[in-house]
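The structure appears right after this line, and notes come after that.
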Protein chains: 2
Amino acid sequence: MSALAHEKRLEIFRLLVKRGPDGFAAGVIAEKLGLPAATLSFHIKELDRAGLVAARQDGRFIHYSANFAVMRALIGFLTDNCCSLAESARATNCSPLTQPVRRKRA
Amino acid sequence: MSALAHEKRLEIFRLLVKRGPDGFAAGVIAEKLGLPAATLSFHIKELDRAGLVAARQDGRFIHYSANFAVMRALIGFLTDNCCSLAESARATNCSPLTQPVRRKRA
DNA sequence: TTCATATTTCCATTATCATGGAATTATGAA
DNA sequence: TTCATAATTCCATGATAATGGAAATATGAA
């Protein structure tokens with residue numbers, strides 16, 4: 001949850017989401033965002049610990065890509081906490097995004 | 001985005017979501033979560049800055065309640081960043097929670 | 001091997017956040 | 001007013017996170 005709290009990490013993650021499954025090599029991310037290699041490595045490790053990105057070795061390069069499943073789980077968690085738990089909030093302006101969301105649908 | 005990163009703040013927010021529109025007085029929240037008044041005040045101010053809670057004065061009490069609109073905006077933001085932006089991710093396991101979500105539906 | 005490059009780890013420094021007692025402010029009651 | 005209480009602000013202290021150069025590690029190329 002806190003992995004996306006840092007602005008740089010959010011930038012990294014958004015970049016990878018836009019990129020799709022191929023991902024970017026660490027150095028490319030660092031260059032695109034103007035980060036020193038060590039700093040990028042630090043942040044991407046945080047994202048990795050949170051399971052938000054996946055690493056794939058490709059020769060000397062390590063490609064990082066966004067993990068959509070974990071992202072959806074996070075969204076589901078927030079959705080649950082916004083709507084499903086709020087018994088007394090049913091009558092308020094807390095309408096679900098679309099349908100009521102069950103926890104961790106397959 | 002980072003306001004919910006802190007565990008105590010997430011607890012506070014969840015408590016308020018479950019409570020609904022009436023909210024709880026600051027002291028009640030502090031007591032329920034076992035937090036000193038100053039600490040609670042610090043965290044709830046963060047939530048307030050993020051727009052995640054609303055404050056309503058009631059005599060000497062200040063009632064805090066969850067702001068569902070901002071919560072939904074946050075979920076919408078995450079949903080957009082998971083699915084809508086990812087052109088190349090369409091073919092991956094990134095399926096929207098239900099229907100494609102348009103930004104900030106009324 | 002040797003070299004070049006990609007990435008990470010190390011680590012000292014800095015910055016930011018969190019904590020909570022005490023003082024302060026704000027409000028209603030007596 | 002005066003008092004009691006709710007809540008915030010102040011502030012010193014401690015904890016955690018971020019930064020990035022330099023060194024170490026890893027991998028493929030020559």
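Below, read A as the first sequence line, B as the second, and so on, with proteins coming before strands; counting in each chain starts at 1. Quick caveat: nothing in here was measured; it's all calculated off a predicted structure. Side-chain atoms are counted along with the backbone in the values below, which use heavy atoms only and exclude waters and symmetry mates.
Residue A:Ala26 is in sugar-phosphate contact alone, with no base atom involved, counting any heavy-atom pair closer than 4.0 Å across all strands shown. Within 4.0 Å of B:Phe61, counting heavy atoms only, lie sugar-phosphate atoms of the nucleic acid but no base atom. Among the heavy atoms of the strands, none lies under 4.0 Å from A:Glu46. Heavy atoms of A:Ala25 sit under 4.0 angstrom from primed sugar atoms or phosphate atoms, though from no base atom.
For the pair B:Glu7 CD and C:dT19 C1', the interatomic distance rounds to 15 Å; values are reported in whole Å. Rounded to whole Å, the distance from CZ on B:Phe42 to P on C:dA22 is 20 Å. Rounded to whole Å, atom C1' of C:dT8 lies 12 Å from atom CD1 of A:Ile44. Between B:Gln57 atom CD and D:dA7 atom C1' the separation is 9 Å, expressed in whole Å. Rounded to a whole Å, the CG atom of A:Leu40 is 13 Å from the C1' atom of D:dA18. Atom CG of A:Leu35 is separated from atom P of C:dA6 by 17 Å (rounded to the nearest Å). Straight-line distance from the CD1 atom of A:Ile12 to the C1' atom of D:dA18: 12 Å, rounded to whole Å. Whole-Å rounding puts the B:Phe24 CZ to D:dA7 P distance at 13 Å.
Ion pairing of A:Arg49 with A:Glu46 is present here, as a side-chain N (NZ or NE/NH1/NH2) and a carboxylate O approach within less than 4.0 Å.
A:Met1 has its side chain within reach of A:Leu78: a pair of non-hydrogen atoms, C-beta onward, lies under 4.5 Å apart. You'll find the side chain of B:Arg19 stays beyond 4.5 Å of the side chain of B:Leu15, heavy atoms only. Side-chain contact between B:Lys8 and B:Leu33 is absent, with no heavy atoms from C-beta onward closer than 4.5 Å.
Taking only side-chain atoms of B:Ala38, from C-beta outward, the nucleotide of D:dA22, C:dG20, C:dT7 with the closest atom is C:dG20.
Each of A:Gly59 and A:Arg9 was matched to the nucleotide of DNA chain D holding its nearest heavy atom; the match closer to the 5' end belongs to A:Arg9. Comparing A:Arg60 and A:Thr39, the nucleotide of DNA chain D nearest to each residue sits closer to the 5' end for A:Thr39.
When all heavy atoms are compared, the tightest approach of A:Phe13 to A:Val53 is CD1-CG1, 4.3 Å.
The phosphate of D:dA7 has neither OP1 nor OP2 within less than 4.0 Å of any side-chain N or O from B:Lys45. At C:dT19, one or more side-chain N or O atoms of B:His43 fall inside 4.0 Å of OP1 or OP2 (strictly under the cut-off). Between A:Tyr64 and C:dA6 there is no side-chain polar atom (N or O) within less than 4.0 angstrom of OP1 or OP2.
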